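Written out below as structure tokens is the structure these notes cover.
Worth saying up front: this structure is predicted, and the values here are computed from it rather than measured. Below, all heavy atoms of this structure are taken into account, side chains as well, without hydrogens, waters or symmetry copies.
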Amino acid sequence: MKSISMMMASAAAIVLAGCQTVVPADEPEGLSAEAMASLEMAAESQEDAAKARYDARNPVETLAFFEVEPGMTVVEALPGGGWYSKILIPYLGPDGQLIGAHYPDAIWAVILPPAMQDGIPEFIARADGWAGRARDWYGDEGADIQQFKLADGQADENAGTADVVLFIRALHNLNRAEDQLSTMSGSVSDAFTLLKPGGIVGVVQHRSPEDNADAWASGGAGYLKQSAVIEAFEAAGFELVATSEINANPLDTPTEQDIVWRLPPSLNGTEEGTPERAAVMAIGESDRMTLKFRKPA
């Protein structure tokens, strides 16, 4: 069986053979044909269940927009089960590093309902074991794996080392606990600390209509306002350099009675075979902002 690095090199060679000096017209600015081929290979190598959501989540286009390249050090907030991590590890390659950034332990008591509070030690233990599980996905192949916890004073250990920090559908719970624990502002500050001058923050987040109430759009329903997210990052010293509609869905126009988890894939609150389920299936996954910020050089 070919190693991951050999597979990436083969894919890149195929692309470059046909366009040695010509960059395709749809090539994202700043991403080479070789890097794009490696990214596409990493995405294509995922399981069918992950690829079934590519039309909604657009991982290749999203990572290209955020200027993620092989060999970089990338911080991924709330990597969870590894939907993006499993693409990033082979794509970043042996010269790269992926750092999982998890919730601080204290947030669970704020965001979990009373009936789930007994499970807090299990949530903490699962986060603590993430790096070990991630290393098992590809063995010795792919990027080096490390981890830390957000808004917990741990970012200073890696200050100025990251090329890109990713907050992909990660901000709503951080914002929910902001009043009690400063987790939103603390995490954004951590990103600024972690990044090299000129480094990128990439945000993908469920997007609230701007005219919905601020209290509703504070994260409890899963949605945040794009204007509020931009304000939070600019207040921390970041520059907004680009926005994209890669992950937009104009069919998702939530009211203040809606939660994001009513939509696929969660489908909370409706039963199979009902008109209500058909209605949310027709909407599809959530409308998402895609924002690119830069730490000033």
Exercise for the section: Any chance you could lay out the side-chain contact (heavy atoms from CB on, under 4.5 Å) test for L171 and M184, step after step, and finish with the verdict? Expected result: CA-CA 7 Å; L171 293 176; M184 176 71 165; 3.9 Å; yes
Please check: side-chain N/O of [X] versus main-chain N/O of [Y], any donor-acceptor pairing under 3.5 Å?
| X | Y | answer |
| --- | --- | --- |
| R262 | I259 | yes |
| Y91 | V68 | yes |
| Q46 | K86 | yes |
| D252 | S286 | no |
| T274 | T270 | no |
| S266 | N268 | no |
| Q226 | M289 | no |
| N58 | I246 | yes |
| D287 | S208 | no |
| Q205 | L224 | no |

Exercise for the section: Salt-bridge test for R277 and E271: reply yes if a basic N is under 4.0 Å from a carboxylate O, no otherwise. Expected result: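 No salt bridge links R277 with E271.
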Exercise for the section: Please determine if E44 and K51 form a salt bridge, counting it only when a charged side-chain N lies under 4.0 Å from a carboxylate O. Expected result: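 Looking at E44 and K51, the cut-off is met.
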Any link between [X] and [Y] through a network of hydrophobic side chains (Ile, Leu, Val, Met, Phe, Trp, Tyr) touching at under 4.5 Å?
| X | Y | result |
| --- | --- | --- |
| V164 | V203 | no |
| I99 | W130 | no |
| V204 | I283 | no |
| V188 | F148 | yes |
| V165 | I200 | no |

Handout entry: Check: W83 ring centre within less than 6.0 Å of Y54 ring centre
Key =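 Yes, they do, as the ring centres are separated by less than 6.0 Å.
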Report, as yes or no, whether the 6.0 Å neighbourhood of atom [atom1] on [X] holds more than 12 heavy atoms from other residues, nucleotides or ligands.
| X | atom1 | value |
| --- | --- | --- |
| E256 | CD | yes |
| R126 | CZ | no |
| E231 | CD | no |
| D55 | CG | no |
| Q117 | CD | yes |
| E272 | CD | no |

Problem - Test side chain to side chain donor-acceptor pair (under 3.5 Å) applied to E245 and N247, step by step - result: CA-CA 5 Å; E245 295 301 294; N247 297 299; over 6 Å; no
Handout entry: F123 vs I111, side-chain contact (heavy atoms from CB on, under 4.5 Å): CA-CA, chis, key distance, verdict
Key = CA-CA 12 Å; F123 283 101; I111 66 174; over 6 Å; no
Handout entry: Those residues that, when tested against A242, pass side-chain contact (heavy atoms from CB on, under 4.5 Å) (two or more places apart)
Key =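 Applying side-chain contact (heavy atoms from CB on, under 4.5 Å) to A242 gives F65, K292.
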Atom pair [atom1] ([X]) and [atom2] ([Y]), whose distance is rounded to the nearest 0.5 Å:
| X | Y | atom1 | atom2 | answer |
| --- | --- | --- | --- | --- |
| I87 | L39 | CD1 | CG | 7.5 Å |
| D179 | S218 | CG | OG | 8.5 Å |
| N175 | K225 | CG | NZ | 12.0 Å |
| T73 | L92 | OG1 | CG | 8.0 Å |
| I168 | E76 | CD1 | CD | 6.0 Å |
| L194 | Q154 | CG | CD | 10.5 Å |

Practice task
Would you sort out whether V201 and F167 count as a side-chain contact (heavy atoms from CB on, under 4.5 Å), showing the intermediate values?
Solution key: CA-CA 8 Å; V201 168; F167 289 97; 3.9 Å; yes
What are the two closest non-hydrogen atoms of [X] and [Y], and how far apart are they?
| X | Y | value |
| --- | --- | --- |
| A101 | P79 | O-CD, 3.9 Å |
| D128 | Q147 | O-NE2, 3.1 Å |
| F293 | V229 | CZ-O, 4.3 Å |
| P264 | E285 | O-CG, 3.4 Å |

Should [X] and [Y] count as side-chain neighbours, where that means a heavy-atom distance under 4.5 Å?
| X | Y | value |
| --- | --- | --- |
| P265 | L267 | no |
| R176 | V110 | no |
| Y84 | L98 | no |
| K149 | D105 | yes |
| L291 | F233 | no |
| P70 | D95 | no |
| T183 | P104 | yes |

Practice task
Name the orientation class of the two ring planes belonging to F238 and F192 (parallel below 30°, tilted from 30 to 60°, perpendicular beyond 60°).
Solution key: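 Judged by the thresholds at 30° and 60°, the geometry between F238 and F192 is perpendicular.
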Exercise for the section: Take the angle between the ring planes of H172 and H206 and call it parallel below 30°, perpendicular above 60°, tilted in between. Expected result: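 Taking H206 first and then H172, their aromatic rings sit tilted (interplane angle of 30° to 60°).
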Exercise for the section: List, by chain and number, the other hydrophobic cluster members for V241, where Ile, Leu, Val, Met, Phe, Trp and Tyr join if side-chain heavy atoms come within less than 4.5 Å, directly or indirectly. Expected result: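 The other cluster members (ILVMFWY side chains, heavy atoms under 4.5 Å, direct or chained): none.
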Exercise for the section: Check whether the side chains of D144 and Q146 place a donor and an acceptor atom closer than 3.5 Å, and report yes or no. Expected result: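 Per modelled atom types, D144 and Q146 side chains form a pair under 3.5 Å.
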Problem - S187 versus D190, side-chain donor and acceptor atoms under 3.5 Å - result: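 Side-chain D/A pair, D190 to S187: absent.
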